[in-house]
Amino acid sequence: MARPEKYRDGYRIRWTDHTGIRRCETYKVSRDAEQALRAHQAEADAVRAGTRLPAPVKRKFDDICDYWLRERAPEKRSQKDDECIIRKHLRPALGAMTLSAIGVAEIDALRRSLVHLNPKTRS
């Protein structure tokens, strides 16, 4: 089993994830690094064995907007409308958030801030 190694002003851990990609992280305290390394290795072993699903990829709302504008919007007649709504309203409100952080409260706050717009634009 690998061990944390001294790296700059902390400790670095390295492990191979379930897809075979080499990963690394740094921690300030050696004990935290050892715990994280054991957790990462146990997770990778469980995914490889098929007893656990891999963790979902953490994506930001900006990534989804980029995908939409690149792949879906060109197929629509309202491509320019989509670009405008994303640029003016959605990215400023939700762009930096991860998808898992966006919940009902965030959507309700966004809808309240857009009350001055046409109902079709809001929906």
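Bear in mind the structure is a predicted one, so any value in this text is a computation, not a measurement.
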(message) Would Lys28 pass as a cation-pi partner of Tyr11, given that its NZ or CZ must be under 6.0 Å from the six-membered ring centre and within 45 degrees of the axis?
(response) no
Heavy-atom pair of closest approach, residues [X] and [Y]:
X	Y	value
Cys24	Arg14	CB-CG, 3.9 Å
Asn118	Lys120	OD1-N, 2.9 Å
Leu110	His89	CD1-O, 4.1 Å
Pro4	Ser30	CG-O, 4.3 Å
Glu71	Pro74	C-CD, 3.9 Å

Would you give the length of the straight line joining atom [atom1] of [X] to atom [atom2] of [Y], rounded to the nearest 0.5 angstrom?
X	Y	atom1	atom2	answer
Ile86	Phe61	CD1	CZ	7.0 Å
Ile64	Leu94	CD1	CG	12.0 Å
Lys58	Leu99	NZ	CG	12.0 Å

(message) Would Val47 and Thr19 count as a side-chain contact (heavy atoms from CB on, under 4.5 Å) here? Give the steps.
(response) CA-CA 9 Å; Val47 172; Thr19 61; over 6 Å; no
(message) Side chains of Tyr27 and Glu34, heavy atoms from C-beta outward: is any pair under 4.5 Å?
(response) no
(message) I'd like to check Asp82 versus Arg72 (side-chain heavy atoms, cut-off strictly below 4.5 Å). Are they in contact?
(response) no
(message) Checking His18 now: which residues fulfil ring-ring contact (aromatic ring centres under 6.0 Å, His included) with it, not counting sequence neighbours?
(response) none
Tell me whether [Y] is reachable from [X] by hopping between hydrophobic residues (I, L, V, M, F, W, Y) whose side-chain heavy atoms are closer than 4.5 Å.
X	Y	value
Val29	Trp15	no
Ile107	Leu117	yes
Met97	Tyr67	no

(message) Apply side-chain contact (heavy atoms from CB on, under 4.5 Å) to residues His40 and Arg23 and explain how you reach the verdict.
(response) CA-CA 10 Å; His40 287 306; Arg23 305 281 183 181; over 6 Å; no
(request) Return yes if some donor-acceptor pair links the side-chain N/O of Asp63 with the main-chain N/O of Lys60 below 3.5 Å, else return no. (result) yes
(request) Answer yes or no: is there a donor N or O on one side and an acceptor on the other, between the side chain of Gln35 and the main chain of Asp32, under 3.5 Å? (result) no
(message) Around atom CG of Leu53, are there more than 12 heavy atoms from other residues, nucleotides or ligands closer than 6.0 Å?
(response) no
(message) Can you confirm whether more than 12 heavy atoms, excluding those of Arg70, are under 6.0 Å from its CZ atom?
(response) yes
(message) Please evaluate residues Thr26 and Arg8 with respect to the criterion side-chain contact (heavy atoms from CB on, under 4.5 Å), reporting the C-alpha separation (whole Å), side-chain torsions for both, the decisive distance (0.1 Å), and the verdict.
(response) CA-CA 9 Å; Thr26 56; Arg8 296 185 182 163; over 6 Å; no
(request) Using the salt bridge (Lys or Arg N to Asp or Glu O under 4.0 Å) rule, collect all pairs that involve residues 83-103, keeping only residues at least two apart or in two chains. (result) Asp62-Arg91, Asp66-Arg91
(request) Using a strict 4.0 Å threshold on nitrogen-to-oxygen distance, state whether Asp45 and Arg48 make a salt bridge. (result) yes
